[in-house]
Amino acid sequence: MSSTLSKVYEPASVEARLYTWWRDSGLFVPSDDHGDAPSYTVTLPPPNVTGRLHMGHALTATIEDTLVRWHRMRGFATRWLPGTDHAGIATQVMVERDLLAKEGKSRLEVGRESFLRRTWAWKEDHGGAIDGQLERMGASLDWGMYRFTMDEVSSRAVREAFVTLYEQGLIYRDHRLINWDWGSQTAVSDLEVEARDVDGKLWQIAYPVTGTEETLVVATTRPETMLGDSGVAVHPEDPRYRHLVGKTIDLPLTGRTIPIVADPILVDMEFGTGAVKVTPAHDFNDFETGKRHDLDLIQVIDLDGRICAPAPARFVGLSVSEAREAVLAELEQGGALVKVEPHAMKVGHSQRSGVIVEPLPSTQWFVNVAPMAEKALAAVKDGATRIVPGHRANDYYRWMENIHDWCISRQLWWGHRIPAWYCGACEAISVSRQDLAACQKCGSGEVRQDEDVLDTWFSSGLWPLTTLGWPEQTPAFKTHYPNTLMETGWDILFFWVARMMMFGIHFTGEPPFKDIFLHSMVLGEDGQKMSKTKGNVVDPIELIDEYGTDALRFYLATMGGQEHGIVFSRKRVEGYRNFCNKLWNASRFAMMNLEGVDMDAFRSEVVTPGRWELLSVADRWILNRCAQMLKTVDAELKGWRLDLAAGKAYQFVWHELCDWYLELSKANFKEGADPTARGRSQGTLALVLDLTLRALHPFIPFVTEEIWQQLPGRQADSKSLMTAAFPEFSGDEGATPGPLANLASLLSAPAVLEAVADIELLERVIHKRRNLAADARVPPAKRVPLQIRTSNQDAWARVERVRDALCFVGRVTELSRLDEDAPLPHGAAVDVVDELEIVLPLDGLVDIEEEKRRIAKDLDKRRKELEGLTRKLANAGFTSKAPPHVVEAERERLVAVTRNIEKQEHLLAQLSGSTP
RNA sequence: GCGACCAUAGCUCAGCUGGUAGAGCGCCUCGUUCACACCGAGGAGGUCUCAGGUUCAAGUCCUGAUGGUCGCACCA
């Protein structure tokens, strides 16, 4: 006797135990004896080392683990690589905040060395929590291959990449305009600037033309930047201003005189006044314009986001917004403010600190990515790497085609320090893989390393390389590069995926993965992006505590295929919790009835030659349904449709296996049942459950493993379900050896197809009988006699074949046939199923009027259907142009509907006649 | 401004290459049938956003509009 399962599935008592067992048994590591099995490698997008698991991580973990487990069961040499990211700004800010709260000090006060020590300590204390959370998700990661983006291997890889790119001239240092995040006190890349909608204003300011009474009115959204203006631009073809080109402006408030230039690129005559103030130091377009006209670069905003000299002293120290007020006030006083109008616009904000990003001139390190982008673009266009869903490739193309140089230096302390050394003696720059104590040019020991660190995404971009030990040519690298799959959210397509593509190809000549699968975002239940301020954040761990990991995973798997945002639904998670419980209880029922199951006998007697007719109609039917489900799951998984695969399995388990088969099988499991029939039903049930658990395991690993371990009659091809063979259909109708051996014929054998039709009829008859009983307020549990009125011998023969099952599940005490012409018993409820009239004798309890209403209603529907069909078939266009099988199907439908209507009309007449 | 995606039952979502509108939840009526009340039985509920077009046939393909989401972009 198998051990008894508890009445309700309790995830908490199962998950940790199974996870530990899996991991300690080495099941997450590909075994050495895979021989020539194809490899399947996925690298987990490394979460921030001090981060906590959010729904995005949970979705990633679910999709990847499902795919990984699926491939592992299919026999691939499967490896899923874990790790964490040092997350430059994010982590540094946390530690800074902590330092301020606990000691009231800034990082500058404690100094770089001490601050870094604290950050490492913080990482030790708070890091790794997310690893435990990934374990709770059931993630079958190869923990032995764990990597951190700032560990030794990663650091070596980063230096190797940096130095190589420098030597190739693709990394360089330059003084130019960059995006400055004064909130975090660092430069940021274009990608880290997000344009937010702002209700701004457009001010018109009159600039006096030198030596004349004339003014030139410029339009601006940032009047405070006039303090740094070094010119005014007009369109060369603008008749209003042509005479002013070459003259100068007496710039108000500053005492400076600046030129009026003609520039067709910057100026749009239609916009504003057609005259643009040019501030090369604080606007990217103006910077370019300044270069074209050799205008001065006058920086008036400093690294703190405050006005600085050479702006007039009275403005120095003011914040940008204060300066704006002050400037406007003075201009207004001087009568220079001509007009103000509201102006909706986009303003760049730092993705990290949220402050408005100031463009300003600065010396930074850049990567010239264009040459790499070209190859990365080609890799996708050529199909070497495929992006799923396909339309995302368009975003990728656009971005790659319009790529700008990447600013990679950050004025932070937490990160990979730039491996460049400046010589105090000869001023040379040395870039090196090893730390330098002397200048490579002059040998002077007076060298100091660049203070800055690299953008976090620089090391992330190398991730598929570093996880495998690159630049060392490790065995792991040889086996697992390129990865099979990169699965991540589309929000980091540019930040991360694009960079990995570029670096991967550049350093190895091969793109880092074959497939890129991009999932969408999980939104709050209100349909908005989850955010703490909105209070709509859902914590996956809390969901696991409440519903179990499998419930959350199944939910996320069914949502994963969506191409739009996923609006979270707690109710659906709850629904999948219920599903796990349903599966659990179905298995519980099975175990109560599988004592002594003899699978060897079952396989040799029934399965081997495919002698399906030895099985009961119900047994044949469920095996067919199961095979169909497996085929669908297999096909949908191969098409990336986890949602449809999961949905199919759900539907099968609940509505075919539980709703019908388990009920039907009870007759064979009852005391006194025929031992042979019992044995075959046992074999059927054990086989179906075994196969179903295998198919479901990638989605809901815990509950399936827990059941499978206790399931009598399972095929013991593995100690764990994790490494048991997946029931996989091959391309044709056949199936791979293993669990599906000899089962392919279930989809086509006549004896099986006949059983399928029989059970479908049985379902419809029982449904009708329940319907009649419910309408007549007969309690569902009450057993009743049932009569079937028909003269159609074939139809009746079919009923005869399922008689016992029908009576058993339909709670029918006695099933008898009435001839078509026979009168209805007095007060019987009647309805029609195809050729059969289902007669439920009710001893006059039936409400004849209700009866008639129901039939009349259905009759009405049928007549409309008939009308439509008739019209369709009378249409020569249809009969001549539609494919023959479609026309034929419609003809058959017409016959069936006609027959049904006749039956119902007859019935209605009869009922009306019998009304007193 | 350019582009993508979405618009199907009260809610969250399926509906593949065009061929009788589906699921889960919610709602209504029953039910302590020996796997499960995290359950069972029955039921109500949709002119598939709108307008055109292609077709014998359109939720499905095309065009346009409207609404929503999201990318990209220097309109001062």
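Per chain, numbering begins at 1; letters A, B, ... match sequence-line order.
- Pair assignment for B/G40 gives B/C30, based on Watson-Crick or G-U wobble hydrogen-bonding distances that are each under 3.5 Å.
- Relative ring orientation between A/W399 and A/F494 is described as parallel, the plane-to-plane angle staying below 30° on a 0-90° scale split at 30° and 60°.
- One P atom belongs to B/G18, the other to B/C62, and the distance between them is 11 Å to the nearest Å.
- We find that CD1 of A/I566 is positioned 14 Å from C1' of B/U69, with the value rounded to whole Å.
- Residue contacts shown for A/K881 include a base, since a base heavy atom lies under 4.0 Å away.
- The distance from atom NZ of A/K529 to atom P of B/C70 is 7 Å, rounded to the nearest whole Å.
- Counting any heavy atom pair closer than 4.0 Å across all strands shown, A/Y650 reaches sugar-phosphate atoms only and no base atom.
- The distance from atom CG of A/D831 to atom C1' of B/G43 is 14 Å, rounded to the nearest whole Å.
- Look at A/W640 and you won't find any side-chain N or O under 4.0 angstrom from OP1 or OP2 of B/C16.
- Closest to the side chain of A/K582, from the set B/C13, B/G40, B/A76, is B/G40.
- Straight-line distance from the CH2 atom of A/W654 to the P atom of B/A41: 10 Å, rounded to whole Å.
- With B/U20, B/G42, B/C38 as the choices, the nucleotide that has an atom nearest any side-chain atom of A/V8 turns out to be B/C38.
- With both pairing distances under 3.5 Å, B/G10 is matched to B/C25 as a Watson-Crick or G-U wobble pair.
- Under the Watson-Crick or G-U wobble criterion, with both distances below 3.5 Å, B/C5 is paired with B/G68.
- Atom CZ of A/F554 is separated from atom CE of A/M559 by 11.0 Å, given to the nearest 0.5 angstrom.
- Separating the CZ atom of A/R398 from the P atom of B/A73 is a distance of 9 Å, rounded to the nearest angstrom.
- The structure places NE2 of A/H235 at 9.5 Å from CD1 of A/I265, a figure rounded to the nearest 0.5 Å.
- Remark: P of B/C2 and CG of A/N402 are 16 Å apart, rounded to the nearest angstrom.
- Listed nucleotides B/G42, B/G19, B/U20 differ in distance to A/K872; the shortest reach to its side chain belongs to B/G19.
- Side chains of A/K861 and A/E865 form no contact here, defined as non-hydrogen atoms less than 4.5 Å apart.
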Open item on the list: Between A/F878 and A/R871, is the side-chain contact (heavy atoms from CB on, under 4.5 Å) condition met? List the steps.
Closed with: CA-CA 10 Å; A/F878 175 71; A/R871 205 179 319 117; over 6 Å; no

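- One finds no salt bridge joining A/K638 and A/E636 here, because no Lys/Arg side-chain nitrogen approaches an Asp/Glu carboxylate oxygen to under 4.0 Å.
- Checked against B/A35, B/C56, B/A76, the side chain of A/P883 finds its nearest nucleotide in B/C56.
- For B/C56, the paired base is B/G19 (Watson-Crick or G-U wobble, both distances below 3.5 Å).
- The nearest whole Å value for the distance from the CD atom in A/E890 to the C1' atom in B/G18 is 14 Å.
- In this structure, the nucleotide among B/U12, B/C2, B/C5 sitting nearest to the side chain of A/R572 is B/U12.
- No donor-acceptor contact under 3.5 Å links the side chain of A/R588 to the base of B/C36.
- Look at the P atom in both B/U33 and B/U69: the space between them is 50 Å, to the nearest Å.
- Of all nucleotides listed (B/A76, B/C70, B/G19), B/A76 comes nearest to the side chain of A/T220.
- The aromatic rings of A/W640 and A/F517 lie parallel to each other, their planes meeting at an angle below 30°, with 60° marking the opposite boundary.
- For B/C16, its base never sits under 3.5 Å from the side chain of A/R641 at any donor and acceptor pair.
- Proximity note for A/K571 (side chain, C-beta onward) versus B/G42, B/C25, B/C38: the nearest is B/C25.
- Partner assigned to B/U63 is B/A51, using Watson-Crick or G-U wobble distances below 3.5 angstrom.
- A/K666 has its NZ atom 8 Å from the P atom of B/C34, to the nearest Å.
- Interface remark: the A/E663 side chain does form a donor-acceptor pair with the B/A35 base, using a distance-only criterion of under 3.5 Å.
- Counting distance only, with no hydrogens placed and no angle test, the side-chain atoms of A/K7 and the base atoms of B/C36 include no donor-acceptor pair under 3.5 Å.
- A/F284 comes within 4.0 angstrom of nothing in the nucleic acid, heavy atoms only.
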